[in-house]
Amino acid sequence: MRFIVDLNKCQDQVQCVFAAPQRFAVDDDGRLALRGQANGAVFESEVIPEDEIDSIEEAVMICPVQAISIEP
Ligand code: SF4
C-alpha cells in the first residue's frame with residue numbers, strides 16, 4: 001500500500017501529523033514537510049509496512065479536506 005497526498009487540496013492543517021507522526025511532519029514554516037519531497041503537486045509515498053496501515057488510514061479519515069488517499 002502507498003498513500004498519496006494531493007498538495008493542491010492540502011491546507012497544512014497538520015492533523016495527519018498527530019495520526020501518523022512516523023510519516024507526516026511539519027516543516028520550519030509550519031507547512032506539511034512532505035511538500036519538499038513531492039513531485040509537483042502530488043506526493044506519493046513508498047510502500048508502507050503493514051504495521052503502519054492503521055495510522056495512515058486514520059490520517060486519511062482525519063484530514064479535513066480529504067487530501068490523503070490510499071493506493072492498494
Ligand atoms: S491533515 Fe490534510 S490538510 Fe492537513 S496537513 Fe495533512 S494532508 Fe494537509
Side-chain angles (χ1 to χ4, degrees):
M1 180 199 102
R2 298 173 194 270
F3 69 90
I4 313 286
V5 183
D6 181 338
L7 297 169
N8 283 330
K9 279 190 185 173
C10 171
Q11 311 226 330
D12 299 297
Q13 299 186 24
V14 301
Q15 285 91 333
C16 53
V17 177
F18 298 102
Q22 73 279 27
R23 292 288 165 180
F24 297 92
V26 182
D27 68 16
D28 291 343
D29 298 322
R31 306 190 81 200
L32 186 65
L34 294 179
R35 287 184 181 282
Q37 305 160 35
N39 183 11
V42 175
F43 172 85
E44 183 173 340
S45 76
E46 61 189 32
V47 174
I48 300 298
E50 290 227 347
D51 63 357
E52 288 189 36
I53 291 176
D54 284 352
S55 62
I56 300 298
E57 287 178 341
E58 189 179 340
V60 169
M61 286 190 294
I62 209 171
C63 176
V65 294
Q66 290 83 48
I68 310 169
S69 57
I70 286 174
E71 198 169 75

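None of these values were measured; they are calculated from a predicted model. Indexing begins at 1, ligand by ligand and atom by atom, following the structure's order.
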Quiz item: Just wondering, is there an N, O or S atom on C10 that's nearer than 2.8 Å to atom 8 (Fe) of ligand 1?
Solution: yes
Practice problem: Would you mind running through ligand 1 and noting each atom that sits below 4.0 Å from a heavy atom of V65? | Solution: 3 (S)
Quiz item: Looking at V14, which atoms of ligand 1 are within less than 4.0 Å of one of its heavy atoms?
Solution: 4 (Fe), 5 (S)
Quiz item: Quick check, are the ring centers of F43 and F3 under 6.0 angstrom apart?
Solution: yes
Quiz prompt | Distance (rounded to the nearest 0.5 Å) between I56 CD1 and E58 CD | solution = 10.0 Å
Quiz item: If you round to the nearest 0.5 Å, how far is CZ of R23 from CD1 of I68?
Solution: 13.0 Å
Exercise. Among all protein heavy atoms, pick out the one at the shortest distance from atom 6 (Fe) of ligand 1; state its residue, atom name and that distance to 0.1 Å.
Key: C16 SG, 2.3 Å
Self-check item: Identity and distance of the protein heavy atom lying nearest atom 3 (S) of ligand 1
Solution: Q11 N, 3.3 Å
Quiz item: If only atom types and distance count, is the side chain of D27 paired as donor or acceptor with the main-chain N or O of D29 below 3.5 Å?
Solution: yes
Quiz item: Under the 3.5 angstrom rule, does the side chain of D6 hit a backbone N or O of A67 as a donor-acceptor pair?
Solution: no
Exercise. Compare A33, C63, A19 and give the one whose heavy atom is closest to atom 2 (Fe) of ligand 1.
Key: C63
Practice problem: Test I70 against every option in I53, I4, V60 by the side-chain contact (heavy atoms from CB on, under 4.5 Å) rule and name the one that passes. | Solution: V60
Practice problem: Specify side chain, backbone, both or neither for I68, according to which of its non-hydrogen atoms lie closer than 4.0 Å to ligand 1. | Solution: side chain
